[in-house]
There are 2 protein chains.
Amino acid sequence: MLKDRVKAKLEEESYRLTPQRSAVLDVLIANADDHLSAEEIYMHTKKLHSEIGLATVYRNLELLEKLGIVHRFDYGDGQSRYEIKLGGEEEHYHHHLICKQCGYIGEFHSDLLEAIEQRIEEESGFQVTDHCLRFFGLCAQCRKKSST
Amino acid sequence: MLKDRVKAKLEEESYRLTPQRSAVLDVLIANADDHLSAEEIYMHTKKLHSEIGLATVYRNLELLEKLGIVHRFDYGDGQSRYEIKLGGEEEHYHHHLICKQCGYIGEFHSDLLEAIEQRIEEESGFQVTDHCLRFFGLCAQCRKKSST
DNA sequence: GTTAATGCAAAACATTTGCATGATA
DNA sequence: TATCATGCAAATGTTTTGCATTAAC
C-alpha cells in the first residue's frame, strides 16, 4: 500500500507520520489526478483534521517533495500545484495539457523525450535528470463550445 | 528591424511607444539570451531611463506578453523570467536547460514535439497551441566540478 | 482634448520563518 | 526526555492596483 511505503520512507529519515502529515497524504492520494494547489490541499485537509494550519501544509508538502513522494509544478498562474507520485516507470513520461480557456488540466503519456535527452547530453554535455513538459491550448470541450 | 515591428504592432492596437516602454524593449533586445527577471529588467532599464518605476516595468512586460512580443516563463524559483521573441519558425522549438546546481540556463532547439502534439490532438481532442519544455539537470561545468 | 501611460505607495497574494507550545519515538 | 512537528502570527518577496499626475497622439 502506498501509504505504508511513504511511512517507511519517512521513518527511514526519522520523520514522523503525524496525524496532520497523514491527512495531507490522504488528500493527495484521494486527489491524485487533480493537481491541487496548497490552498486547496489545506481546505481538503481541514475536513479530515480541522485544527491544521496552512504553514503545516506547506511544510509537509515541502518535505514530501524533498523525499520524492510529491511532485510540485506550476502553470505560471502564480501558485504551485502538487501531485503525489504513484511510482513506476511511466511517472517520468507523464506530461500536462493545460486549457487556456477553462483551466482544465489533463495528462498525457509519452516517452518521446528520451531521444531528445540523449541528444542534449551528446551535443551539449548537459546531463538531464528531469524534465517538465506542458502543452497549452484548448481542451475538447472548449473547442466544441467556441465552434458553436 | 525588430523594434520597428514592435512599434507597428503597438500602434495597431493604439498603444504608445513611450520612452519607458522603449527602454524596456531595448533591455530585452540587448539581453535576448539572458532570461532576465522583472527586477533585473528594472535595474537595467533604470540605466537608460532613470526615473522609471518597477510597476511600469511590470505593466510593460505584461502588455508585451499579451501582444506576443515577449515570452514569460518561470523555473519554480518564485519569480518570472522574460525573453523577447525574435520571431521565426524556430521560436516554437526553443527549450530550456536549467542547471539545478548553479542555476545556469541554456537553450536547446528541437522540433521533435511536433509528433507528440499531433498525437495529442488525435487521441484526446486537445488542440495544442503552445508548449513549454524544460530540462533539469547538471550543466557540463558542474559535472566537471563534481567529478573532481 | 482624449486617451493611454506613468510614478508612487499601498495592497494583494503565495510562501516562508520565528518562536513558544505540544506531540512522538 | 530529546527531537521533531505544530499553530499562530509576523515577515518575506513578487506582482498588482488605485489614484492623481503627466505625456502622447
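Side chains included, hydrogens not; waters and symmetry mates left out as well; all remaining heavy atoms used. Chain letters run A, B, ... following the sequence lines, proteins first and then strands; every chain starts at 1. As the structure is a prediction and not an experimental result, all values here were calculated from the model.
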Within the structure shown, what part of the strands sits under 4.0 Å from B:Arg21 by heavy-atom distance: base, sugar-phosphate, or nothing?
sugar-phosphate

Ignoring hydrogens and angles, are the base of C:dT3 and the side chain of B:Arg16 linked by a donor-acceptor pair under 3.5 Å?
yes

Out of C:dA5, D:dG7, C:dT15, which has the shortest distance to the side chain of A:Ala38?
C:dT15

Measure up the B:His131 and A:Phe135 rings against each other and bin them: parallel (under 30°), tilted (30 to 60°), perpendicular (over 60°).
perpendicular

Rounded to whole Å, OH of A:Tyr42 lies from P of D:dG7 at a distance of 9 Å

Could you tell me whether the phosphate oxygens of D:dT15, OP1 or OP2, come under 4.0 Å of any side-chain nitrogen or oxygen in B:Tyr58?
yes

Under 4.0 Å between any heavy atoms, over every strand shown, what does A:Glu51 touch: base, sugar-phosphate, or nothing? Just pick one.
sugar-phosphate

In whole angstrom, what separates B:Leu17's CG from D:dA23's C1'?
13 Å

Check whether any side-chain heavy atom of A:Val70 sits under 4.5 Å from a side-chain heavy atom of A:Glu83, and report yes or no.
no

Starting at CZ of B:Arg59 and ending at P of C:dA9, how long is that distance when rounded to a whole Å?
14 Å

Treat each ILVMFWY residue as a node, draw an edge where side-chain heavy atoms are under 4.5 Å apart, and state whether B:Phe108 and B:Leu138 are in one component.
no

Quick one: is A:Ser80 getting a side-chain N or O under 4.0 Å of the C:dT15 phosphate, OP1 or OP2?
yes

Heavy-atom nearest nucleotide on DNA chain D taken for A:Thr56 and for B:Asp77; more 5' hit belongs to A:Thr56

Could you state the CD-P distance from B:Glu11 to C:dA4, rounded to the nearest angstrom?
14 Å

Distance, rounded to the nearest Å, where B:Lys46 contributes NZ and C:dT6 contributes C1':
15 Å

Nearest-nucleotide wise, let me know which of B:Thr18 and B:Ala55 is further upstream toward the 5' end of DNA chain D.
B:Ala55

What does A:Ser37 touch in the nucleic acid at a heavy-atom separation under 4.0 angstrom: a base, only the sugar-phosphate, or nothing?
nothing

Measure from the side chain of B:Gln79, starting at C-beta and using heavy atoms only, and say which of D:dT15, D:dG7, D:dG18 lies closest.
D:dT15

Spacing of A:Lys66 atom NZ relative to C:dT15 atom C1', expressed in whole Å
18 Å

Ring centroid separation for A:Tyr42 and A:His44, is it under 6.0 angstrom?
no

Salt bridge (Lys or Arg N to Asp or Glu O under 4.0 Å) partner of B:Arg119, chosen from B:Glu123, B:Glu121, B:Glu117
B:Glu123

It should be established whether A:Gln20 places a side-chain nitrogen or oxygen under 4.0 Å from OP1 or OP2 of nucleotide C:dA23.
no

Spacing between B:Leu36 atom CG and D:dT15 atom P, to the nearest angstrom
13 Å

Nearest-Å distance, CG (B:Leu61) to C1' (D:dT17)?
17 Å

